[in-house]
Trainee: 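Handing you this structure, nothing more for now.
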Number of protein chains: 2
Amino acid sequence: MSDSAQDSVSQDSRTLADRVFARLQDDIVLGALPPGTKLGETELAARYGVSRGPLREAIRRLESRKLLERVPHVGTRVASLKASDLIEIYRVREALEGMAARLAAENMTDAEVAGLRELLSQHEQQQDLKEDTAYFQREGDLDFHYRIIQGSHNRTLIDLLIGEIYHLVRMYRYQFSMTANRPQKALGEHRRIIEAIESRDGEMAELLMRRHISRARENIEANNT
Amino acid sequence: MSDSAQDSVSQDSRTLADRVFARLQDDIVLGALPPGTKLGETELAARYGVSRGPLREAIRRLESRKLLERVPHVGTRVASLKASDLIEIYRVREALEGMAARLAAENMTDAEVAGLRELLSQHEQQQDLKEDTAYFQREGDLDFHYRIIQGSHNRTLIDLLIGEIYHLVRMYRYQFSMTANRPQKALGEHRRIIEAIESRDGEMAELLMRRHISRARENIEANNT
DNA sequence: CCCTGATAGATTGTCAACAATCCCCCTTGA
DNA sequence: TCAAGGGGGATTGTTGACAATCTATCAGGG
């Protein structure tokens with residue numbers, strides 16, 4: 001994954017609690033700790049080489065992000081996700097990323113727009129090669145969405161999507177081993193979104209982004225019913 | 001405020017950390033701890049009668065909700081909010097509550113719709129009395145929005161709006177002593193939104209809700225430039 | 001007079017021990 | 001055989017002390 005798709009707390013964070021938060025989050029999102037895993041505090045503290053104090057602070061933060069489920073006096077386990085949850089998340093993505101696309105069309109700098117266009121070209125080349133590009137497509141898709149979100153220049157929106165929603169989306173992808181099952185169509189939709197942004201048509205950009213995510217949701221619904 | 005607008009952790013939560021989290025959140029949102037206040041851990045621990053362990057867990061959770069700003073090794077202070085932040089939040093509200101209204105039109109039970117209509121009638125009566133109903137209008141407005149959000153029947157969306165966004169909105173309202181400066185118009189807009197929901201027109205409900213929140217945002221922008 | 005650097009105090013970060021709660025399982029009785 | 005109750009063990013919740021870091025103050029030199 002490229003750096004632009006990363007938001008983990010940098011490895012040299014000043015406090016143990018921040019570091020263990022970042023490491024624990026990665027272990028959850030990337031699947032090292034499968035969903036439903038019971039997380040004993042003593043065991044985890046040993047695993048990360050910290051005491052239970054900082055660990056519990058990290059757990060409370062990950063609980064806020066819905067990556068962990070905690071029951072008082074009982075314990076904490078990795079969030080176990082149902083398909084219906086993913087569909088709910090896609091409704092939220094449709095709303096938020098639609099707004100992000102609108103704001104990106106209005107607020108992105110010309111340099112940012114050029115970079116986005118450049119990214120699309122790379123994806124189209126990979127597509128032409130017909131290689132096994134599933135991994136790169138998957139992360140490339142995220143990269144595309146990340147850039148538009150950042151382009152909204154709305155800090156609240158960026159933090160919500162990248163800080164809270166996308167970790168869940170990534171966890172789902174790893175959990176279900178979801179490969180992009182409509183890469184050709186998705187690429188075309190990306191192209192039209194960029195065109196709308198280039199012509200600074202916020203309304204059109206929002207419409208296209210919403211349709212793009214809505215179709216992805218329908219695709220999920222079709223494969224899980 | 002009516003119970004439906006409350007989501008605070010109930011007072012008899014099982015753990016100290018949960019209780020202090022709820023109390024600290026109320027103190028921040030309701031203004032007992034003004035924005036910018038430096039929060040010393042020892043001092044706070046004494047105030048709430050707990051040790052620093054549970055307190056720090058509560059702080060980390062409130063930091064996730066953007067109610068607190070923390071700098072490692074320096075300290076924690078109550079989030080100090082700029083008008084531009086509020087405008088960013090209203091963009092997010094426009095997107096999320098628009099979606100909520102759409103889903104509410106599709107998913108609300110008939111009983112929920114009837115309750116919403118009942119609530120509107122109460123607000124219209126208060127309006128007719130021409131009393132000093134600023135407080136009730138303000139909280140009543142929140143109640144209206146809360147109900148539609150709940151009516152979406154989308155747990156992810158509900159948690160996002162009520163668990164993370166609305167605390168910030170309420171804090172702003174207290175902080176800026178914002179009184180509804182267009183109650184008449186807002187009430188009319190509420191009525192049209194309910195009509196759309198009653199006729200199960202999700203697209204129209206979303207459009208009207210977005211316009212409603214967008215106008216509130218423009219109103220804020222006009223008063224802060 | 002202003003800038004630099006060291007020091008002292010206070011505050012935050014971390015840890016390990018103690019207390020409270022829950023869960024499992026076994027006994028006991030119908 | 002099965003249900004109800006209690007006890008042991010393990011896990012979580014909480015605390016107070018110790019260590020690390022920052023900030024404010026003040027002395028000294030330019």
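Quick note on labels: first sequence line is chain A, next is B, and so on, each numbered from 1.
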Trainee: Hey, are Arg14(A) and His73(B) close enough side-chain-wise for a donor-acceptor pair under 3.5 Å?
Mentor: no

Trainee: Under 4.0 angstrom, heavy atoms only, what part of the nucleic acid is Gly53(A) near: base, sugar-phosphate, or nothing?
Mentor: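 It contacts nothing in the nucleic acid.
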
Trainee: dG13(D) C1' sits how many Å from Arg60(A) CZ, rounded?
Mentor: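 Result: 10 Å.
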
Trainee: Looking at Arg70(B), does any N or O in its side chain come under 4.0 Å of the phosphate oxygens OP1/OP2 on dG13(C)?
Mentor: yes

Trainee: With respect to the side chain of Leu16(B), which nucleotide from dT12(D), dT14(D), dT14(C) is positioned closest?
Mentor: dT14(D)

Trainee: Tell me whether the side-chain N/O atoms of Arg14(B) come closer than 4.0 Å to OP1 or OP2 in dC22(C).
Mentor: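 For dC22(C), OP1 or OP2 has a side-chain N or O of Arg14(B) closer than 4.0 Å.
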
Trainee: For His73(A) and dT21(C), give me the distance from atom NE2 to atom C1', rounded to whole Å.
Mentor: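 Rounding to the nearest Å, NE2 of His73(A) and C1' of dT21(C) are 5 Å apart.
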
Trainee: For the side chain of Arg52(A), starting at C-beta, report the closest nucleotide among dG13(D), dC22(D), dC15(C).
Mentor: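 Of all the options, the side chain of Arg52(A) is nearest to dG13(D).
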
Trainee: Glu57(A) CD to dC15(C) P: how many Å, rounded?
Mentor: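 After rounding, the gap between these two atoms is 11 Å.
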
Trainee: With DNA chain C as reference, determine whether Gly49(A) or Pro72(A) sits nearer its 5' end, using the nearest nucleotide of each.
Mentor: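 That would be Gly49(A).
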
Trainee: For the backbone of Ala105(A) and the side chain of Arg200(A), can you confirm whether one donor and one acceptor N or O come within less than 3.5 Å of each other?
Mentor: yes

Trainee: From the options dG13(D), dC22(C), dT14(D), select the nucleotide whose nearest atom is closest to the side chain of Val74(A).
Mentor: dC22(C)

Trainee: Does a salt bridge link Asp27(A) with Arg47(A), judged by any charged N lying under 4.0 Å from a carboxylate O?
Mentor: yes

Trainee: Which whole-number value in Å describes the distance from Leu55(A) CG to dT12(D) C1'?
Mentor: 12 Å

Trainee: If I take atom CD in residue Glu43(B) and atom P in nucleotide dT12(C), what distance separates them, rounded to the nearest angstrom?
Mentor: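 The answer, rounded to whole Å, is 9 Å.
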
Trainee: At 4.0 Å (heavy atoms only), tell me whether Leu39(A) reaches a base, stays on the sugar-phosphate, or touches nothing.
Mentor: sugar-phosphate

Trainee: So if I apply the side chain to side chain contact (heavy atoms under 4.5 Å, CB included) rule between Glu97(A) and each of Arg210(A), Glu206(A), His145(A), which one comes out positive?
Mentor: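 Per the side chain to side chain contact (heavy atoms under 4.5 Å, CB included) rule, the option paired with Glu97(A) is His145(A), out of Arg210(A), Glu206(A), His145(A).
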
Trainee: Measure CD/Glu41(B) against P/dA17(D) and give the value in whole Å, please.
Mentor: 17 Å

Trainee: Without decimals, in angstroms, what is the distance between Tyr48(A) OH and dG13(C) P?
Mentor: 21 Å

Trainee: Would you say the side-chain atoms of Glu88(A) and His153(B) include a donor-acceptor pair closer than 3.5 Å?
Mentor: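 Absent: no donor and acceptor within the cut-off.
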
Trainee: Using a heavy-atom cut-off of 4.0 Å across all strands, would you classify Ile59(A) as base, sugar-phosphate, or nothing?
Mentor: nothing

Trainee: Mind calculating the distance between NZ (Lys38(B)) and C1' (dC22(D)) to the nearest angstrom?
Mentor: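 Roughly 10 Å, once rounded to whole Å.
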
Trainee: Taking 4.0 Å as the cut-off, does a side-chain nitrogen or oxygen of Arg56(B) come that near to OP1 or OP2 on dT12(C)?
Mentor: no

